[in-house]
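Encoded as structure tokens, the structure appears first; notes follow it.
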Amino acid sequence: MGTSFGRGGATTFPGDLVNSDVIVIEGSNMAECHPVAFRWVMQARERGATIIHVDPRFTRTSAVANLHVPIRAGSDIAFLGGIIRYIIENERYFKEYVVNYTNAPAIIGDDFKDTEDLDGVFSGWDKKKGKYETRTWMYKDVDPEPAGGTRESEAGEKGQPIQRNPIQAEHTDETLQHPRCVFQILKKHYSRYTPELVEETCGIPRYLFLKVAEALCRNSGRERTGAFVYAVGWTQHTVGVQYIRSAAIIQLLLGNMGRPGGGIMALRGHASIQGSTDIPTLYNLLPGYLPMPKAKHDKDLATYLRLNTSPSGWWGEFPKYMISMLKAWYGDAATKENDWRYDYLPTLTGDHSHMNTVVDMADGAVKGYFVMGENPAVGSMNGALQRKGLRQLDWLVVRDFQLIETAEFWRDAPEIARGDVKTKDIKTEVFFFPGAAHTEKDGSFTNTQRMLQWHHKAVEPRGDSRSELDFIFKLGQRLKELYANEYGQIRNWPIRDMTWDYPEIGPLKEPSAEAVLHEINGYTVADRKPVEGYSSLKDDGSTACGCWIYSGCYRGGKNMTARRKPYWEQNHLAPEWAWVWPHNRRILYNRASADPNGAPWSERKKLVWWDEQKQEWTGLDQPDFIVKRGPSHRPSKEARGKETISGVDPFIMQADGKGWIYVATGLQDGPLPTHYEPQESIAKNPLYGQQCNPERMEWIRKDNPYHQPYDDPRFPYLITTYRLTEHHTAGGMSRWLSWLSELQPEMFCEISPELAEERGLKNGEWATIRTMRGEIETRVLVTRRMQPLRIKGKLVHQIGLPYHWSTKGLVRGDAANDLIGFVADPNVSIQESKAFTGNIEPGRKSKGRRHATSGRLVKKLPSREQDRDLPKVGHKPESKHGYKAEQTKEGNI
Amino acid sequence: MSTTVRYKNSVERVYTDGRDIDTEAGDLTGEAADQRASGSTDKHLKEQMQVWRQAPGPRTGDPAYYNVPMLNEPVWEWAIPTYYYVGGLTGAALVLGAASQMGDAGGRKELIRRCHWIGLIGAGISGGLLIYDLGVPSRFFNMLRVFRPTSVMNMGAWILTGAGGTAFLAVVLRGRENRFGAAGEIAGYLAGMFGAGLATYTGVLTANTAVPVWQASRRVLPILFGTSAMSSVGALFELLGGKGEERRLTKIFGTAGQIAEFAASVAMEKQASVVPRVGRPLKKGLSGFVWRAAMTLTAAGLVLGLIPKPTRRRRLAAGIAGTLGSALMRASVEHIGTASARDARASFQQQRAGYGAAEIARQPNQ
Amino acid sequence: MAASKGFFTDTTLCIGCKACEVACKQWNQLPDDGFLFSGMSYDNTVHLGGSTWRHVAFVERPVPLNTQTDGAFSWLFSSDVCKHCARAGCLESCPTGAIIRTEFGSVYVQPDVCNGCGYCIVSCPFGVINRREEDGRAWKCTLCYDRLRDDLVPACAKACPTESIQFGDLDELRAHAKERVEQLHERGMPEAYLYGASADDQPGTEGLNAFFLLVDKPEVYNLPPDPVAPAKKVKDAWLAAGAAAAGMALAAVGAVFFGGHRA
Ligand SMILES: Nc1nc2c(c(=O)[nH]1)N[C@H]1C(S)=C(S)[C@@H](COP(=O)(O)OP(=O)(O)OC[C@H]3O[C@@H](n4cnc5c(=O)[nH]c(N)nc54)[C@H](O)[C@@H]3O)O[C@H]1N2
Ligand SMILES: Nc1nc2c(c(=O)[nH]1)N[C@H]1C(S)=C(S)[C@@H](COP(=O)(O)OP(=O)(O)OC[C@H]3O[C@@H](n4cnc5c(=O)[nH]c(N)nc54)[C@H](O)[C@@H]3O)O[C@H]1N2
Ligand code: SF4
Ligand code: SF4
Ligand code: SF4
Ligand code: SF4
Ligand code: SF4
Ligand SMILES: [Mo]
């Protein structure tokens, strides 16, 4: 989403789905996982919208949708690509929108070669490094100056160069006819994604596919809009980001972005998971999507700023945000002379995403680990490897409500029950802190629609339970105390100088959450008055701001996030309910809801428009645009920064203000989504010689073995994992609660009657499910909701596994994640947990060694690793292909 | 109001208002933190419910929900069927006692005394059984705080109390040479009236339910219970080994009961099976076996009792067979009710066949 | 007396989330029902009972639902509850008067009066009320009597995200429900109908204060097609009892007068 539109967040909010004429829910089981937000979908249905659910399983969402489309897990790009082709071939795109608001007319450099030309890889594939050199993907005659850091992408060596020249297409063809223009490249790229191909790739009958394509096209245009809804059914693949890109392309072609009832609704999972990317818990970002400095090239502030300040578009404001943040962190110690203490920031030396950290733990490189509000022993891939990692730690801190599996791995885990590992051999020191629940603390959630919503403390936390805020604050205080007599050493100055002065309130003397919000909002240093918003931030040290995108949430000293005026007392956008970043804009890119001249595309779908009298943008929502910049404005050639935004550039965060159908820069694995098979598939890639995403991250280790790329005789079935309404993720908040536990009391698998027959499985009885990583036992739920798909005449069976259970709690069962290996998307390091292969047999058969961490589980077959990657483009790369972790030190266990 | 209960696997008794809130603290220690499976609460359902072994789906013209029961089955265990028997015996004995008071009762003094004693002891045991079933003695009196003709059970509570009370008066007063004696005489007659109610109302009690087989048998059940009560009195006197007039008299009474009981059972089977699915528990399964056994025993008792020239052993055998037969008859009624409540299709088919509310619509006078 | 309140449960809006079940248990602090994997679709609580006062049924059918899914399959959800019958079998049979009709028209069990006799259990034609083993008393939905007294909507209705459970004045609910059925018929779902909305719909109970919109036979949801409050038929039984009592008296008198003399 970030690369297509400019920001990573959902472009709309669930309440706006009532305005949709068609809603495609794909890669999400919205009714089960977001039941409250789903009310809006139900209301849309009652108003006559068509609800389509594309999912491998028939779920509670499918049950109330107008149409359920069963799909083979891991094949969505073929399906969406088919829709793109349908739109183009039948000329169903919204021409005016496409020409003006997207980069479809842009002409691409002559060196660019498509996957159609290279059998599944794009130009720039570096067979030595096993990764792309992406310069050939650029617009013609635009040189983004390669030396550089990265913005919003990966760390260190994996980073994409950040441009220094404005990225504005130098050449365009508004007729969309030029053979090198994005539109024609797109057309050619998807020319083979025919309904027939969709059928044989995804297992979706042609007539069903056409029904969906037609419903989408029929409900788009001036008068009608459609929305896409996705969640982790899309993201958790080795091509996850490209799934979402495919939807972005469709929505841009159909002209559905920035308009009521349109957009792409990314459903976030955990409470405030959006918040934890905005003010990130991610290793490679600072608050507000400012990149973490890289050890390799961000040597000093000037370089860092130079490499990250976009010459065009909104990111031209970069220094203001960065310096205000440093000012908030280091207060008076941060001065212009000392580069605002930029040198205090840690710098990145490599990829420290979750799975890398885990293997580092397992290999003894990571000594200590904080786990706060997470249960990785259950929720993370390859549970046994995760627990192996925990066993190698010196110390582990767990903060949670319950003694979850992650805190109890040393005495309650499958390998301990089996006797493979003995408690007395584990040296990890585990500290458990009881956490306070959201009802026991003040604070905000940032939910799926980028909305900050305040919650007030209802009761004091019991016993020793404390909030995270309190814990971190007191930890900081203690660190300051501890190092106070070592401040002579420069390396301790960051601790000395960090501003850590929140007022302590209440009977428990907890830091004031509102004071933190005040800092996040930002203030003028002189008088500590809250700033109005990020446009007030300065790069001269006169303002401090903890997170620029949240600036405005405490405007005028008022906690905007605590506003509670319901939508029925205002309009359906409810601008006075809580607060939304940026600038309380509810629908992003809403400039696109008006035509190039600034008038709404239609009365029915009006949202924001240009007011000729007042000479400003106005409407139902806060305009996501420069308010005074008229539709006719065109920037001069010399313009820099946000001055480059013209009156018809709705995507103001993009370097060229356009919605990117084609991503010229910013992605690791290609400018256009291309169908690749999952790491482990039941089929050979029907389109290209290249089987899998060539850029995927792999961890080749004995304790993380992979199956053969396809047709592995040992693992003939496709498995997908997901959630149930009745439980929450790794179970810490549901398996300890009787009322939820009784609703889904045991781990089970969902299979079709056909598969049950084939394998002799009986409803309600037991089954053993096996991969090379581990074995689990589950109850069997035979249901017609799972239907085998016919792919190239062959029946493909899918096994569905909820992943909520493990060894603790009121209800217990085996953990699905003990089956899944580490393998990830190259852009965001998200694991592939939605499609992998495995085997199932009746009965409780797992015994002896059940995890790869304790030795091999199945008989070895000749490796067919070479089948995953295209032999023609230079055999298997000599160096590491994708990211491959070092061999484990205990190499030969 | 709060009561104390002891949860399974727990030693202390705790106060509860039935909602599991710790009433002393006023709240839970961490919401629902203390909620534990205190044994399956809807035990009767879960005990017999089995994990569903087929994939759900195939449609038949005769749909049901995974074959789980539609009704909640009777929670009454052994105490209530036993009460049916004891209460019936009590009631019928009091009727016989009252009848024996009539006319020249001189030769029946012993019989009358015995009947009244049976009434008194029987009523006592009956009360005890009911209290046992309720768990808390004081709860019995909750029924006597109101007079509710719509509730057969409430009527029953009054009838039992009346029968017990009058039997007591009859026992202590009757035969006194003063004015209390007359009161005792009247009490005896009243006890007979209550007894007639006591012996038959239990049939109404079971009939007045949603349990399909009971509802279908509602015109027979009170008769079955009444006649069975008679036969149990007859059987008891066989066992007690009465003599002379007492013996002849109770024999006639009991034999009439047994014949009628047998006839009523046959009639009940017919009534219940108008919709075949409803009558199934009378023919199939454990309940069907018990039902048949009860009928057979009654018949055996009858035949044994009718063979001329009775010996002591034969009389004993007849008494035992009769007693077992009529006791088992009540137990089997309980069994068939439970089986019927477990069979959702019995209700469904009964109602689809026009024997739900539609049945009353066909009888406008009701 | 307040206007009669009740529920209209529109099963076509239900998404099977069980929020109602959990909200009910939470508000009423009910214990769990045991952790039993039933194998019955997503239904693991199986039935209404003493500690489950809301229960969501999951029906997997190999037939499509009109206007909804393509293909030959559909999945129905329905949140069941005490019907608060206009003529309530449980109430009529209760020997202690523990079950009363409240000012909201609901059927309420007073826990301090109930003696646990269990008669209501067999008298409910829907299998709703049941006895709890721990305290031996009968329990069922209270229509959130405590919340209604404080002008709050029942917990289950409040929690329902899709307005499948609608709470309100019965007259309004009935009118709205009728419109809804017509609307669905127009939209091409002729199978939609109301269950127990009025005495005409369901004479045996004289109408339900918690009624439903269903799209398949009642049996499919484990609901009786033509339920009847047992007391409506009790006259037959009393007559029989009268006859039995008379017969018994006659037999006794007969025995006394004809059996006494030695032949
Ligand atoms: N009740 C409940 N709600 C939750 C959570 C919970 O645990 N319980 N978790 C929260 C969290 S953390 C998150 S991230 C969200 C997740 O919300 P969702 O993404 O909606 O949840 P999932 O169940 O993981 O996956 C969604 C669906 O993706 C389907 N799927 C699997 N593979 C594919 C594929 O290749 N293509 C397509 N099109 N579909 C596929 C699965 O069958 C599943 O139905 O839910 C949040 N909400
Ligand atoms: N196979 C498979 N695996 C998956 C997924 C999948 O779809 N398939 N989904 C993935 C996704 S999207 C996610 S988000 C993860 C989730 O995985 P985890 O985040 O590991 O799992 P949770 O159970 O949500 O862990 C949250 C913990 O935080 C605790 N907690 C809640 N509130 C607080 C608080 O205020 N303070 C503290 N200290 N603790 C608190 C809870 O008790 C709980 O134990 O699982 C991932 N794993
Ligand atoms: S659990 Fe919370 S966030 Fe999730 S759907 Fe329910 S109310 Fe919304
Ligand atoms: S449904 Fe049953 S428990 Fe509820 S009021 Fe009617 S008879 Fe009583
Ligand atoms: S169990 Fe309680 S509520 Fe039910 S009939 Fe008996 S006294 Fe009434
Ligand atoms: S009305 Fe109250 S008691 Fe009844 S089901 Fe709803 S929440 Fe439970
Ligand atoms: S809360 Fe509403 S939508 Fe959810 S199961 Fe209950 S009735 Fe259905
Ligand atoms: Mo998530």
Side-chain angles (χ1 to χ4, degrees), chain B residues 1 5 18-21 35 37-38 40-43 45-46 51-52 56-57 63-66 68 70-72 74-75 95-96 99-100 134-135 139 142-143 146 150-151 153-154 196 200 204 207-211 218-219 222-223 226 245 248-249 252-253 256 347-348 351-352 356-358 360, chain C residues 28-29 31-34 39-41 46-47 49-51 60 62 92-93 95-97 111-112 115-116 118-119 121-123 125 127 130-136 203-204 217 219-220 222 224-226 228 230-232 234-238 240-241 244-245 248-249 251-253 255-256 259-260:
Chain B
M1 193 190 95
V5 296
R19 290 175 167 196
D20 275 11
I21 297 174
Q35 305 279 327
S38 43
S40 186
T41 47
D42 289 289
K43 186 169 128 216
L45 174 70
K46 296 252 166 146
V51 173
W52 184 250
Y65 188 73
Y66 302 99
V68 298
M70 187 268 287
L71 298 172
N72 284 327
V75 290
V95 171
L96 190 61
S100 308
L134 298 178
R139 283 181 176 178
N142 288 14
M143 293 196 280
V146 285
T150 64
S151 170
M153 191 178 280
N154 181 267
T200 53
V204 186
N208 184 34
T209 61
V211 177
R218 66 188 179 281
R219 294 191 183 86
I223 296 170
E245 184 172 350
R248 286 195 304 279
L249 205 149
I252 293 173
F253 188 67
S347 297
F348 296 160
Q351 294 176 19
R352 286 286 178 201
I360 332 166
Chain C
N28 295 300
Q29 295 292 316
D32 63 74
D33 238 350
M40 299 166 190
S41 193
V46 183
H47 210 277
S51 47
E60 298 191 5
E92 288 181 331
S93 69
T96 61
D112 54 341
N115 72 357
Y119 197 30
I121 297 164
V122 278
S123 303
N130 211 346
R131 196 158 84 176
R132 232 195 253 158
E133 289 303 313
E134 294 92 279
D135 73 353
K217 287 182 178 169
E219 292 96 317
V220 164
N222 214 8
D226 186 24
V228 57
K232 289 203 160 201
V234 74
K235 194 171 157 194
D236 289 344
W238 278 125
M248 190 187 303
V253 173
V256 167

Looking at B/Ala256, B/Gly226, B/Pro56, B/Ala210, which has the largest count of heavy-atom pairs under 4.5 Å with chain C?
B/Ala210
Got a second to check how far C/His47's NE2 is from B/Tyr65's OH, nearest 0.5 Å?
10.0 Å
Mind listing the closest non-hydrogen atom pair of B/Phe348 and C/Asn222 along with its distance?
CZ-OD1, 3.6 Å
Minimal non-hydrogen separation, C/Pro224 against B/Met70, with atom names:
CB-CE, 3.6 Å
C/Ile121: which of B/Thr209, B/Asn72, B/Val211 passes side-chain contact (heavy atoms from CB on, under 4.5 Å):
B/Asn72
Under the 3.5 angstrom rule, does the side chain of C/Asp236 hit a backbone N or O of B/Arg219 as a donor-acceptor pair?
no
Is there a donor-acceptor pair closer than 3.5 Å between any side-chain N or O of B/Thr200 and the backbone N or O of C/Ala245?
no
Name the option with the most non-hydrogen atom pairs under 4.5 Å to chain C; the candidates are B/Val146, B/Ile223, B/Leu134.
B/Leu134
Less than 4.5 Å to any heavy atom of chain C: does that hold for the side chain of B/Ala207, its backbone, both, or neither?
side chain
With a 4.5 Å cut-off on heavy-atom pairs, point out which of C/Pro203, C/Ala237, C/Gly204 contacts chain B the most.
C/Ala237
Step by step, work out the side-chain contact (heavy atoms from CB on, under 4.5 Å) result for C/Tyr119 and B/Asn208.
CA-CA 10 Å; C/Tyr119 197 30; B/Asn208 184 34; 3.5 Å; yes
So which atom in C/Glu60 and which in B/Tyr66 form the shortest heavy-atom distance, rounded to 0.1 Å?
N-OH, 4.2 Å
Pair count under 4.5 Å, heavy atoms only, with chain B: among C/Val122, C/Val228, C/Asp226, C/Val220, highest is C/Asp226
Go through B/Ser151, B/Ser100, B/Gly135, B/Ala99 and name the one with the most non-hydrogen pairs under 4.5 angstrom from chain C.
B/Ser151
Among the options C/Gly116, C/Ser123, C/Pro62, pick out the one with the most heavy-atom pairs lying under 4.5 Å from chain B.
C/Pro62
Using the side-chain contact (heavy atoms from CB on, under 4.5 Å) rule, take B/Val75 and C/Asn130 through it: C-alpha gap first, then chi angles, then the decisive distance, then the call.
CA-CA 8 Å; B/Val75 290; C/Asn130 211 346; 3.7 Å; yes
B/Val204, B/Thr150, B/Asn154: which one forms the most heavy-atom pairs within less than 4.5 Å of chain C?
B/Val204
Nearest heavy-atom pair of B/Pro63 and C/Lys217: which atoms, and what distance?
CG-CD, 3.9 Å
